[in-house]
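Report on the following structure.
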Amino acid sequence: MPADNSIAVEGLVREFKKGPRAVDGIDLRVEPGEIYGFLGPNGAGKSTTVLVLTTLLPPTAGTARVAGFDVVREGPKVRASIGAALQEAALDGLLTGRDHLKLQTMLHGLPKRERVHRADELLARVGLTDAADRKVRGYSGGMKRRLDLALALVHRPRVLFLDEPTTGLDPQSRTALWDEVARLAREDGVTVFLTTQYLEEADVLADRVGIIDHGRIVAEGTPAELKAGIGRPSIHAIPCNEADRPRLEALFSRYGEPLGNGDLAVRLRAGIGLADVVRGVDAEGLVLDDIELRAPTLDDVFLAKTGRTLEGAGDGEEGAS
């Protein structure tokens with residue numbers, strides 16, 4: 001029987017004592033070899049969902065199967081089938097990168113003859129060969145995240161959970177990690193469940209995206225489908241004179257729905273174009289420093305579905321997350 005690399009969730013609920021339903025009856029399915037991006041504001045239920053799916057937190061109701069195993073009744077089999085790189089990497093600053101991998105291969109019971117080869121293979125894969133024998137306390141944040149990913153891959157998991165994997169990384173380190181995650185799914189068939197605070201990351205990596213808010217999934221689909229659902233482009237402008245902002249806001253509201261994100265911006269109504277707005281600005285004798293027409297983005301989808309933006313949001317989910 002072929003291995004099942006999927007994730008299947010039905011009616012999943014996690015309710016904390018004297019607290020809200022952090023996860024409120026969600027359904028989702030992640031296909032084998034798929035990268036699934038899971039987005040949500042702080043406290044929306046992202047990390048709680050990951051903790052349930054990785055057997056670190058029992059559900060209150062509903063079912064979840066990971067790699068074909070029930071997270072409640074078959075926890076050990078789930079844990080043997082998954083890798084997890086969560087927000088806080090459990091690294092010892094006094095050990096080297098190679099020491100960490102050596103220990104991890106032993107804990108997973110790899111035959112002794114395979115341990116050195118597997119450690120070398122993973123160090124090379126995440127670009128840490130040259131730093132393998134340096135103590136981790138001297139690693140940069142990006143190097144630590146890459147080592148944490150290598151540790152999660154030691155036992156060749158069928159399903160990989162990445163919770164905010166690139167938070168705080170510089171663009172080069174982030175791109176390197178994106179490349180490795182994409183390769184894992186494409187070449188090794190690993191199913192990836194990715195929570196992220198970077199909408200660009202979900203757009204680049206994810207085959208499908210789910211948006212969770214107040215414990216419920218409010219949108220799901222491919223990035224292209226979700227952006228097409230928003231449909232209409234938006235106009236974004238910067239006034240030449242800040243004192244003109246109230247008049248410009250009133251003018252722009254004639255052409256579309258204000259985005260409500262603090263910018264001078266509207267989602268255009270059907271049949272309205274950039275030229276219409278520019279003519280209106282000229283007719284009112286107003287002046288702009290800049291005006292831009294933007295196609296829908298995942299940020300627009302997120303704002304439309306949750307009423308909030310995700311930019312700069314850390315996870316910060318404790319207890320009722």
Across all chains, not counting sequence neighbours, the ring-ring contact (aromatic ring centres under 6.0 Å, His included) partners of F193 are Y36, F38, F161
Would you indicate whether the side-chain heavy atoms of Y198 and R174 approach each other to under 4.5 Å? yes
Hey, which of H108, H100, R146 is the one that makes side chain to side chain contact (heavy atoms under 4.5 Å, CB included) with L151? H100
Enumerate donor-acceptor pairs with a distance under 3.5 Å from any side-chain N or O in residues 57-72 to protein atoms, sequence neighbours excluded.
residue: T60; atom: OG1; partner: E15; partner atom: N; Å: 2.8
residue: T60; atom: OG1; partner: E15; partner atom: O; Å: 3.4
residue: R65; atom: NE; partner: G68; partner atom: O; Å: 3.4
residue: R65; atom: NH2; partner: G68; partner atom: O; Å: 2.4
residue: D70; atom: OD1; partner: V72; partner atom: N; Å: 2.8
residue: D70; atom: OD1; partner: R73; partner atom: N; Å: 2.9

Taking only residues two or more places apart in sequence, or in another chain, which ones meet H117 in a ring-ring contact (aromatic ring centres under 6.0 Å, His included)? none
Does a sphere of radius 6.0 Å around NZ in K227 hold more than 12 heavy atoms from other residues, nucleotides or ligands, not counting ones at 6.0 Å or beyond? yes
Under 6.0 Å from the CZ atom of R232, do we count more than 12 heavy atoms belonging to anything else shown? yes
Under 6.0 Å from the CD atom of E10, do we count more than 12 heavy atoms belonging to anything else shown? no
Please list all pairs meeting salt bridge (charged side-chain N to carboxylate O under 4.0 Å, His left out) that have one or both residues in residues 103-115, counting only residues at least two apart or in different chains. none
Closer than 4.0 angstrom, basic N to acidic O: yes or no for D24 and R14? no
Check whether any side-chain heavy atom of R134 lies under 4.5 Å from a side-chain heavy atom of T96, and answer yes or no. no
Which pairs pass side-chain hydrogen bond (donor to acceptor under 3.5 Å, both in side chains) with one or both residues in residues 241-251, sequence neighbours excluded? E242-R245
State, yes or no, whether a side-chain contact exists between L268 and I235 at a heavy-atom distance under 4.5 Å. yes
Identify, with sequence neighbours excluded, every residue that meets side chain to side chain contact (heavy atoms under 4.5 Å, CB included) alongside D289. I238, C240
For R29, the salt bridge (charged side-chain N to carboxylate O under 4.0 Å, His left out) test, sequence neighbours excluded, returns E31
Sequence neighbours excluded, every pair satisfying ring-ring contact (aromatic ring centres under 6.0 Å, His included) that has a member inside residues 39-60: none
Would you verify whether the NZ or CZ of R137 falls within 45 degrees of the ring axis of Y139 while also being under 6.0 Å from that six-membered ring's centre? no
Do H214 side-chain atoms and T306 backbone N/O form a donor-acceptor pair below 3.5 Å? no
With a 6.0 Å cut-off (strictly less than), is the heavy-atom count around CG of D130, excluding the residue itself, greater than 12? no
List the residues meeting salt bridge (charged side-chain N to carboxylate O under 4.0 Å, His left out) with R183, not counting sequence neighbours, and say none if there are none. E180, E187, D188
May I ask you to list the residues sharing a hydrophobic cluster with L107, side-chain cutoff 4.5 Å, ordered by chain and number? L103
Contacts of R118 that satisfy salt bridge (charged side-chain N to carboxylate O under 4.0 Å, His left out) - sequence neighbours left out: E121
Just to verify, what does R294 make a salt bridge (charged side-chain N to carboxylate O under 4.0 Å, His left out) with, not counting sequence neighbours? E292
